[in-house]
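Heads up: the structure comes next, in structure tokens.
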Amino acid sequence: MSSLPESSLLPLTRDFYQRDTVAVANDLLGCWLVREVDGALMGARIVETEAYCGAHDSACHAHRGLTTRTAAMFGAPGHAYIYLVYGMHWLFNIVTEPEGSPCAVLVRAVEPVLNEQAMRERRLTPGKQLSNGPGKLTRALDVDKALYGHDLTRAERLWICAGSHDIPIASGPRVGIDYAEPHDRDAPWRFWLEGNPWVSKAR
DNA sequence: CAATTGATCCAC
DNA sequence: TGGATCAATTGG
């Protein structure tokens with residue numbers, strides 16, 4: 001396990017996010033997700049993402065248009081799009097592409113690096129893996145609707161730093177989108193670091 | 001395999 | 001305004 005590069009707790013800037021969603025989903029792998037709660041830092045490496053590519057992507061929530069829930073996706077890139085699924089799990093997404101183009105990257109899994117102890121304390125089910133899934137990582141990092149629309153380009157509460165990896169990127173269809181049209185269901189827009197044990201097991 | 005769980009969305 | 005749905009997780 002590598003440590004957080006101390007040179008940069010600097011957030012990625014808005015131009016990083018204001019790009020093609022699939023490119024951002026790839027480039028986020030290896031980056032650091034940093035969470036600050038009451039002055040204490042937690043840090044985790046992003047190892048799995050999915051791209052949700054706007055109004056024409058029938059798997060993307062924005063396919064149904066602008067609603068209260070999806071408003072953040074229609075806004076400026078580099079902000080958090082967070083929502084509740086199955087009445088239980090908060091899922092953390094990052095808005096991409098220029099304002100008005102409702103796209104986002106779902107962060108599906110992270111590898112704990114900094115202050116793993118604090119993350120472990122957030123989990124209420126003992127003995128379970130810490131954060132190898134989209135609902136688990138939000139629990140571990142205390143991410144919920146309070147951070148809806150949060151600007152990730154400032155070093156406050158929640159942000160993302162440049163990272164690196166020397167592992168091949170694998171790709172495949174996105175998880176849990178059986179409702180989408182076949183063309184979108186089959187698109188290989190899930191990305192992960194090959195062989196990383198923190199990658200989710202859901203299929 | 002099914003239960004869980006509640007906000008959201010849309011047809012009525 | 002009611003009923004189906006859901007970017008998941010857990011324990012059988």
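Chain letters run A, B, ... following the sequence lines, proteins first, then strands; residues in each count from 1.
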- Item | Base-pairing assignment for dA7(C) (Watson-Crick or G-U wobble, both under 3.5 Å) |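 No nucleotide pairs with dA7(C).
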- Query: Does dT5(B) have a Watson-Crick or wobble mate here (both distances under 3.5 Å), and if so which one?
  - Reply: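 Answer to the pairing question: none, since dT5(B) forms no Watson-Crick or G-U pair.
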Minimum-distance nucleotide (side-chain atoms of [X] versus [options]):
| X | options | answer |
| --- | --- | --- |
| Pro134(A) | dC10(B), dA7(C), dT9(C) | dT9(C) |
| Lys136(A) | dA7(B), dT10(C), dA8(C) | dT10(C) |
| Met88(A) | dA7(B), dA8(C), dA7(C) | dA8(C) |

- How is Tyr81(A) classified with respect to the nucleic acid when contacts are heavy atoms under 4.0 Å: base, sugar-phosphate, or nothing?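 Tyr81(A): base contact, heavy atoms under 4.0 Å.
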- Determine the contact category for Arg174(A): base if any of its heavy atoms lies under 4.0 Å from a base atom, sugar-phosphate if only primed atoms, P, OP1 or OP2 are that close, otherwise nothing.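 Nothing, no heavy atom under 4.0 Å.
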- Query: Can a cation-pi geometry be assigned to Arg19(A) and Phe16(A), taking NZ or CZ under 6.0 Å from the six-membered ring centre and within 45° of the ring axis?
  - Reply: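 Yes, Arg19(A) and Phe16(A) form such a contact.
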- Item | Arg157(A) to Trp159(A), cation-pi by 6.0 Å centre distance and 45° axis angle |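 Judged by the rule (NZ or CZ under 6.0 Å from the ring centre, within 45° of its axis), Arg157(A) is not positioned above Trp159(A).
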- Query: With syn defined as a glycosidic torsion within 90 degrees of 0 and anti otherwise, which applies to dA8(C)?
  - Reply: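 Glycosidic conformation of dA8(C): anti.
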Whole-Å gap separating [atom2] ([N]) and [atom1] ([X]):
| X | N | atom1 | atom2 | answer |
| --- | --- | --- | --- | --- |
| His89(A) | dT5(B) | NE2 | P | 10 Å |
| Ile82(A) | dA8(C) | CD1 | C1' | 16 Å |
| Arg69(A) | dA7(B) | CZ | P | 13 Å |
| Arg64(A) | dA4(C) | CZ | P | 15 Å |
| Leu91(A) | dT5(B) | CG | P | 18 Å |
| Tyr179(A) | dT8(B) | OH | P | 16 Å |
| Tyr86(A) | dA7(B) | OH | P | 17 Å |

- Any chance you could lay out the side chain to side chain contact (heavy atoms under 4.5 Å, CB included) test for Ile82(A) and Leu91(A), step after step, and finish with the verdict? CA-CA 6 Å; Ile82(A) 295 168; Leu91(A) 267 57; over 6 Å; no
- Message: If I take atom CG from residue Leu41(A) and atom CG from residue Leu114(A), how far apart are they, to the nearest 0.5 angstrom?
- Response: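 Here the interatomic distance stands at 6.0 Å.
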- Message: Quick one, Leu130(A) and Trp198(A) - any side-chain contact, counting heavy atoms below 4.5 Å?
- Response: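 Yes; the side chains approach each other to less than 4.5 Å.
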Verify the contact: side-chain N or O of [X] to OP1 or OP2 of [N], cut-off strictly under 4.0 Å; return yes or no.
| X | N | value |
| --- | --- | --- |
| Lys128(A) | dG11(C) | yes |
| Arg108(A) | dA8(C) | yes |
| Lys201(A) | dA8(C) | no |

- Query: Is any side-chain N or O of Tyr83(A) under 3.5 Å from a base N or O of dA7(B), one able to act as donor and the other as acceptor?
  - Reply: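 It does not, because no donor-acceptor pair links the side chain of Tyr83(A) to the base of dA7(B) below 3.5 Å.
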- Task: Just do the ring pair (Phe, Tyr, Trp, His ring centres under 6.0 Å) check on His61(A) and Tyr83(A) with the steps written out, would you?
- Result: CA-CA 10 Å; His61(A) 291 163; Tyr83(A) 65 94; 4.6 Å; yes
- Task: Tell me which residues in residues 49-62 of chain A put a heavy atom below 4.0 Å from DNA chain B, sorted by number, or none.
- Result: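 Those residues: none at all.
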- Item | Whether over 12 other heavy atoms sit under 6.0 Å from Arg14(A) CZ |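 Counting other residues, nucleotides and ligands, CZ of Arg14(A) exceeds 12 neighbours.
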